[in-house]
Amino acid sequence: MNPSIGLRPYLPQDAALLVAIFIASIEELAADDYSVDQIAAWTAPADDVVQFGARLAGQLSLVASVDGEPVGFASCKGVDQIDMLYVHPLVARQGVATTLCDALEKLALARGAKHVNVDASDCAEPFFLQRGYSAQRRNTIDLEGVWLGNTTMRKPLAANDPAPPAP
Ligand SMILES: CC(C)(COP(=O)(O)OP(=O)(O)OC[C@H]1O[C@@H](n2cnc3c(N)ncnc32)[C@H](O)[C@@H]1OP(=O)(O)O)[C@@H](O)C(=O)NCCC(=O)NCCS
């Protein structure tokens with residue numbers, strides 16, 4: 001775990017930099033799990049920085065930094081749905097996503113959520129599994145005619161709300 005990881009809320013001026021992190025993260029960290037066409041479809045929202053920024057501004061979005069430089073970000077849709085989680089490949093496996101998810105889960109609990117859900121990419125599934133999320137169902141999503149697989153996963157936040165058994 002990198003001890004110098006900082007966290008702050010998303011700011012509108014972050015959008016262009018976070019788009020660059022989004023692209024680098026997918027192109028490098030997801031390349032073993034998804035085809036070139038799938039990666040192109042997944043990164044397509046980066047073409048519209050304004051809309052990308054609006055998506056983050058409309059959610060509870062956090063930016064992680066190392067030495068003051070943004071290196072990753074995460075967002076929560078509603079009170080309990082992790083929407084985006086992307087870490088720059090140069091700082092992968094240093095605890096950046098852990099720091100972001102620790103904060104999002106604490107905030108979700110504080111906002112009354114009993115559990116947190118995520119549609120996890122195949123490359124993110126081991127990350128969520130080791131955090132106590134369990135697979136609920138397999139999805140195949142259509143991104144402009146390109147099909148991508150992911151897995152809906154859930155983590156209970158309160159001891160009295162166990163995750164339902166996987167089908
Ligand atoms: C998944 C992702 C967010 C993880 O970010 P990260 O900052 O590297 O994760 P952390 O360093 O906090 O990882 C914590 C633990 O999760 C597990 N983990 C993380 N990435 C893993 C991987 N690729 N394979 C297996 N286990 C992994 C490990 O147990 C790791 O601990 P360790 O490094 O001590 O072994 C990052 O790989 C990423 O951005 N991937 C591409 C985009 C993506 O798929 N986003 C998710 C959309 S739902």
Side-chain angles (χ1 to χ4, degrees), residues 1 5 7-10 14 18-19 21-34 38-39 41-46 51-64 70-89 91-143 146-167:
M1 178 78 77
I5 300 167
L7 271 189
R8 62 166 172 79
Y10 166 78
D14 293 324
L18 300 194
V19 157
I21 293 172
F22 174 75
I23 295 171
S25 171
I26 297 169
E27 288 187 344
E28 293 195 36
L29 298 175
D32 289 345
D33 295 286
Y34 294 92
Q38 287 172 322
I39 284 173
W42 189 358
T43 55
Q51 199 169 334
F52 191 92
R55 178 170 165 189
L56 286 169
Q59 302 182 359
L60 174 60
S61 299
L62 300 175
V63 176
V71 292
F73 63 99
S75 72
C76 188
K77 196 172 164 181
V79 291
D80 61 8
Q81 177 76 32
I82 294 176
D83 182 33
M84 301 183 91
L85 174 66
Y86 294 92
V87 170
H88 196 285
V91 297
R93 304 298 285 266
Q94 293 183 27
V96 173
T98 296
T99 303
L100 286 162
C101 280
D102 282 351
L104 281 189
E105 288 168 12
K106 275 188 193 133
L107 288 165
L109 187 62
R111 295 160 93 201
K114 296 272 193 291
H115 50 253
V116 177
N117 300 298
V118 64
D119 289 339
S121 69
D122 292 351
C123 46
E125 199 174 330
F127 168 78
F128 286 108
L129 270 177
Q130 59 85 38
R131 290 188 65 78
Y133 289 72
S134 58
Q136 304 297 307
R137 67 168 185 274
R138 186 74 183 154
N139 311 303
T140 310
I141 53 167
D142 179 3
L143 293 183
V146 180
W147 293 90
L148 270 79
N150 66 28
T151 304
T152 297
M153 303 181 78
R154 167 176 284 198
K155 176 180 179 175
L157 293 179
N160 59 358
D161 180 33

Checking the side chain of T43 only, and the main-chain atoms of I39 only, is there a donor and an acceptor separated by less than 3.5 Å? yes

Looking only at heavy atoms, the pair that brings A113 and V79 closest together is CB-O, 3.8 Å

Within the structure provided, determine whether D102 and T99 are in side-chain contact (heavy-atom separation under 4.5 Å). no

Heavy-atom check, side chain of D14 versus side chain of R8, under 4.5 Å: yes

side-chain contact (heavy atoms from CB on, under 4.5 Å) between L148 and T140: does it pass, once the steps are laid out? CA-CA 5 Å; L148 270 79; T140 310; over 6 Å; no

Side-chain heavy atoms of P9 within contact of V63, under 4.5 Å: no

Do T151 and D122 get their side chains close enough for a donor-acceptor pair, meaning under 3.5 Å? no

Heavy-atom distance under 4.5 Å between the side chains of T98 and F127, does that happen here? yes

Provide the full list of side-chain hydrogen bond (donor to acceptor under 3.5 Å, both in side chains) pairs with a residue in residues 70-81, sequence neighbours left out, each pair given once. Q59-S75

Where the side chain of Y133 meets the backbone of P126, is there a donor-acceptor pair that is under 3.5 Å apart? no

To the nearest 0.5 Å, atom CZ of R154 lies from atom CG of N117 at 4.5 Å

Check the angle between the aromatic planes of F73 and F22 and answer parallel, tilted or perpendicular using the 30° and 60° thresholds. tilted

Are L62 and L104 close enough, and set up right, to give a side-chain contact (heavy atoms from CB on, under 4.5 Å), and what steps lead you there? CA-CA 8 Å; L62 300 175; L104 281 189; 3.8 Å; yes

In Å, rounded to the nearest 0.5 Å, how long is the span from OG of S61 to CG of L100? 10.5 Å

With sequence neighbours excluded, what pairs up with D119 under the salt bridge (Lys or Arg N to Asp or Glu O under 4.0 Å) test? none

Nearest heavy-atom contact between A41 and P45 is O-CD, 3.9 Å

How close do C123 and W42 get, counting heavy atoms only, and between which atoms? SG-CH2, 4.4 Å

Kindly indicate whether the side chain of I141, heavy atoms from C-beta on, has any atom under 4.5 Å from the side chain of N150. yes

Quick one: salt bridge (Lys or Arg N to Asp or Glu O under 4.0 Å) partners of E105, sequence neighbours excluded? R131, K155

What do the steps show when you test L157 against K114 for side-chain contact (heavy atoms from CB on, under 4.5 Å), and what is the final call? CA-CA 5 Å; L157 293 179; K114 296 272 193 291; 6.0 Å; no

Note: Y34 and G149 closest approach over all heavy atoms is OH-O, 2.7 Å

So do M84 and L56 actually touch side chain to side chain, heavy atoms under 4.5 Å? yes

Could you check F128 against I82 for side-chain contact (heavy atoms from CB on, under 4.5 Å), going step by step and ending with a plain yes or no? CA-CA 11 Å; F128 286 108; I82 294 176; 4.1 Å; yes

Judged by atom type as modelled, is there a donor-acceptor pair below 3.5 Å linking the side chain of E27 to the main-chain atoms of A24? no

Any side-chain heavy atom of L60 within less than 4.5 Å of one from L107? yes

Side-chain contact, heavy-atom cut-off 4.5 Å: Q136 with M153? no

